[in-house]
Amino acid sequence: MARARILCQVNKLSVKTSARGLALTALMRVFKQQSYSNISLNHVLADQQLTPADRNLATQIFYGTIQRKLFLEYQLKGLVRTKLREPYLEPLLLMSIYQLVFLDKIPDRAVLDEANKLAKAFGRPKSSGFRLVNGILRAFIRRQTQLPKEDLAKLSVQESFPQWLVSYFIKNWGLKRTEQMLASLNQPAKNSTRISGLAKFDSVWQSLVQSGFSPARSALNPQAAILAKGGISNTPMFKEGQLTIQDEAAGLVVEAFDFAGDEQVLDACSAPGGKTVQIAEHLTKGKVTALDIHAKKLALVEQNAKRMGVADKVAVKACDARQAGTFFSDQSFAKILVDAPCSGLGLLRRKPEIRYTKQLADLRNLQRIQLQILDQVSFLLKPTGELVYSTCSISVEENEEVIDQFLKTHADFELVPFTAGNLTSDSGMLKILPDTYGSDGFFIAKLRLRG
């Protein structure tokens, strides 16, 4: 009897640490505990001895289920006739339907078999959850997918975006472009890296080739390498600071500056430090001061700076950028970066849960914070100095409107043309929509203080 119990426990552990079991655990964290997707998955996969294929499967099921959550929930309509009380049930049903609909190479019978095993492993003793799961999934296979008939609701469910966000996209970019963007945002994010400006580019590129990452050039950023597979953070070239994980669009922000190398630079909202490090790579005698409202996050900035070999050019200070003027004298910096806190609407491919947590009111609330930061740091810029404002959002409220309002109250500033990577802006403002290059969505504006 004891031997049977031990074997049962071993079997349950094996199921829970399988690719699907780990995906389910991570989904429960996101859906039930409101955890961030990337943090949840990284935590669950840490120290697990998965094959690359199983790691990829867990990742695909996890992110795919979050991306398609509204669509998947809609498929349960009419099939669930009882309250799903156990916390694993709804995530398991959603990830199983995701596999049935979107993963063509996995037979239906295999999805059902794995779902039953997971229900038994995650369910309470004597739970009938596995019978419930089996019945609902078989009923779904018989019925197949369904969509609403009304156009807005149909597009919302089909692409799994809240109706307010679909309406917002249509208002700003029209129906056709909205359909393109929503479909694009449901594609997997690229494995994008930026090769350090202090490393020998060709040598790092060759190392990537030899290590089987099959790097490809970016249409946006000449310093970026788009990798065919993940796992770069486990390599010596990453640990030695020859490259870092950074989206190809995000890597353009710092390139909008014209550095001499000896400047004092302020990175007003720095954590986790990707752009701080990039600034430091451009400096010879200069220094970059990195601020963040959260003192704990500055440890990430310092870790990044140390790994990338620029720690001697980086200073950190815990400070709300809206109070920066109380810590620094006027005209202290030749260059200032405000990579402002934002809604993250440009990251919907990489962080799909954002689409379900943001509301239209958030854009206005964030706009107020963004303007407060710009107003405060503007006094810290030297005459003829450069200020670059950026967000990883594509909303008009957080970008064009912020710049317009700032300029109305700061007549001593002006927009100036700039080149960043392979892109040039004659207007001084650049917005990269996520479907144009398959990158994150980003906004960059370059301002100069008149002499």
Side-chain angles (χ1 to χ4, degrees), residues 27 30-32 34 37 61-84 89-104 108 111 133 135-188 343-366 393-398 431 433-436 438 441:
L27 286 170
V30 173
F31 293 161
K32 303 300 179 182
Q34 307 300 309
S37 59
I61 291 173
F62 172 75
Y63 278 111
T65 301
I66 298 173
Q67 282 181 328
R68 301 288 184 174
K69 183 170 179 280
L70 291 184
F71 171 85
L72 300 171
E73 288 174 337
Y74 195 83
Q75 305 316 308
L76 292 177
K77 287 182 178 293
L79 300 180
V80 179
R81 296 182 174 85
T82 184
K83 188 173 178 62
L84 301 175
L89 279 170
E90 185 177 15
L92 175 55
L93 286 167
L94 296 179
M95 64 177 267
S96 298
I97 294 175
Y98 171 76
Q99 294 170 79
L100 289 168
V101 176
F102 296 103
L103 301 188
D104 296 336
D108 290 359
V111 175
V133 167
I136 291 173
L137 293 180
R138 288 186 180 278
F140 168 74
I141 291 172
R142 289 193 297 270
R143 191 197 65 191
Q144 289 301 306
T145 59
Q146 58 181 5
L147 289 172
K149 293 182 179 179
E150 192 268 326
D151 289 344
L152 181 60
K154 181 179 179 181
L155 184 56
S156 170
V157 169
Q158 179 178 292
E159 300 297 347
S160 204
F161 279 81
Q163 286 194 28
W164 82 263
L165 196 50
V166 177
S167 296
Y168 181 87
F169 276 35
I170 292 173
K171 175 185 174 183
N172 285 285
W173 296 289
L175 177 60
K176 185 176 180 180
R177 187 67 187 270
T178 293
E179 290 173 340
Q180 291 176 200
M181 276 201 285
L182 298 186
S184 169
L185 287 166
N186 281 326
Q187 297 302 309
S343 64
L345 291 183
L347 306 180
L348 293 172
R349 185 186 292 111
R350 198 174 300 279
K351 296 182 178 180
E353 71 277 13
I354 290 174
R355 66 184 78 180
Y356 310 119
T357 59
K358 298 300 179 186
Q359 300 294 330
L360 187 58
D362 294 327
L363 308 184
R364 290 293 178 192
N365 293 335
L366 285 161
S393 176
I394 58 174
S395 82
V396 175
E397 288 81 355
E398 298 173 272
K431 179 175 281 184
L433 294 177
D435 63 320
T436 306

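The structure presented is a predicted model; accordingly, all values stated were derived computationally and were not measured.
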Exercise for the section: Give the intermediate values and the outcome of side-chain contact (heavy atoms from CB on, under 4.5 Å) for residues Leu175 and Leu155. Expected result: CA-CA 10 Å; Leu175 177 60; Leu155 184 56; 4.1 Å; yes
Handout entry: Gap separating the CG atom of Leu70 from the CD atom of Gln158, nearest 0.5 angstrom
Key = 12.5 Å
Exercise for the section: Tell me, please, which residues at least two apart from Asp108 pass side-chain hydrogen bond (donor to acceptor under 3.5 Å, both in side chains). Expected result: none
Exercise for the section: Enter the distance from Met181:CE to Thr436:OG1 here, rounded to the nearest 0.5 Å. Expected result: 8.5 Å
Practice task
Apply side-chain contact (heavy atoms from CB on, under 4.5 Å) to Thr65 and Ile61, showing your working.
Solution key: CA-CA 6 Å; Thr65 301; Ile61 291 173; 4.0 Å; yes
Handout entry: Contacts of Gln99 that satisfy side-chain hydrogen bond (donor to acceptor under 3.5 Å, both in side chains) - sequence neighbours left out
Key = Arg20
Problem - Side-chain donor/acceptor of Arg355 to backbone N/O of Pro162, under 3.5 Å - result: no
Handout entry: Whether Lys358 side chain and Leu345 backbone form a donor-acceptor pair below 3.5 Å
Key = no
Completion exercise
Applying salt bridge (charged side-chain N to carboxylate O under 4.0 Å, His left out) to Lys69 and not counting sequence neighbours gives Glu73
Exercise for the section: Grab the two heavy atoms, one from Gln67 and one from Tyr356, that are nearest each other, plus how far apart they are. Expected result: O-OH, 3.0 Å
Exercise for the section: Of all the heavy-atom pairs spanning Ser393 and Ser343, show the shortest one and how long it is. Expected result: OG-OG, 3.2 Å
Practice task
Would you kindly say whether Gln187 and Ser184 are connected by a side-chain donor-acceptor distance under 3.5 Å?
Solution key: no
Exercise for the section: Would you give the length of the straight line joining atom CZ of Arg81 to atom CD1 of Ile136, rounded to the nearest 0.5 angstrom? Expected result: 9.0 Å
Exercise for the section: List for me each residue that meets salt bridge (charged side-chain N to carboxylate O under 4.0 Å, His left out) alongside Arg177, sequence neighbours excluded, and say none if there are none. Expected result: Asp435
Exercise for the section: Report yes or no: does Ser160 contribute a side-chain atom to a donor-acceptor pair with the main-chain N or O of Val157 at less than 3.5 Å? Expected result: no
Practice task
Mind checking side-chain hydrogen bond (donor to acceptor under 3.5 Å, both in side chains) for Asp362 and listing every partner two or more places apart, or none if nothing turns up?
Solution key: none
Practice task
Just jot down the salt bridge (charged side-chain N to carboxylate O under 4.0 Å, His left out) partners of Glu353, sequence neighbours excluded, or say none.
Solution key: none
Practice task
Could you pull out the closest heavy-atom pair between Ser156 and Val166, with the gap in Å?
Solution key: CA-CG2, 4.0 Å
Handout entry: Pairing residues for Arg350 by the salt bridge (charged side-chain N to carboxylate O under 4.0 Å, His left out) criterion, not counting sequence neighbours
Key = Asp247, Asp440
Exercise for the section: Would you check if the side chain of Thr178 reaches a backbone N or O of Gly174 as a donor-acceptor pair within less than 3.5 Å? Expected result: yes
Problem - Contact summary for Gly344 and Ile354, nearest pair of heavy atoms - result: O-CD1, 3.7 Å
Problem - Side chain proximity check, Leu348 to Pro434, heavy atoms < 4.5 angstrom - result: no
Handout entry: Of all pairs that satisfy side-chain hydrogen bond (donor to acceptor under 3.5 Å, both in side chains), the ones with a partner from residues 141-155, not counting sequence neighbours
Key = none
Problem - Any side-chain heavy-atom pair of Tyr63 and Pro188 under 4.5 Å - result: no
Problem - Residue pair Ile66 / Ser37: nearest heavy atoms and the distance that separates them - result: CD1-CB, 4.0 Å
Exercise for the section: Give the C-alpha distance, both sets of side-chain angles, the deciding distance and a yes or no for side-chain contact (heavy atoms from CB on, under 4.5 Å) between Leu27 and Leu94. Expected result: CA-CA 10 Å; Leu27 286 170; Leu94 296 179; over 6 Å; no
Exercise for the section: Using ring pair (Phe, Tyr, Trp, His ring centres under 6.0 Å) as the criterion, list what pairs up with Phe62, not counting sequence neighbours. Expected result: none
Completion exercise
Output for pair (Leu100 CG, Leu137 CG), nearest 0.5 Å, gives 6.5 Å
Exercise for the section: Just jot down the side-chain hydrogen bond (donor to acceptor under 3.5 Å, both in side chains) partners of Arg68, sequence neighbours excluded, or say none. Expected result: none
Practice task
List the atom of Lys32, the atom of Glu90, and the distance in Å for their closest heavy-atom pair.
Solution key: NZ-OE1, 3.9 Å
Handout entry: Side-chain donor/acceptor of Asn172 to backbone N/O of Ser395, under 3.5 Å
Key = no
Exercise for the section: Using ring pair (Phe, Tyr, Trp, His ring centres under 6.0 Å) as the criterion, list what pairs up with Tyr74, not counting sequence neighbours. Expected result: none
Exercise for the section: Give the intermediate values and the outcome of side-chain contact (heavy atoms from CB on, under 4.5 Å) for residues Leu182 and Leu165. Expected result: CA-CA 10 Å; Leu182 298 186; Leu165 196 50; over 6 Å; no
Problem - Summary of ring-ring contact (aromatic ring centres under 6.0 Å, His included) pairs that have at least one residue in residues 155-180, sequence neighbours excluded - result: Phe169-Trp173
Exercise for the section: Drop me the distance from Gln163's CD to Leu152's CG, to the nearest 0.5 angstrom. Expected result: 4.5 Å
Problem - Pairwise side-chain contact, Leu72 with Leu76, heavy-atom cut-off 4.5 Å (strictly under) - result: no
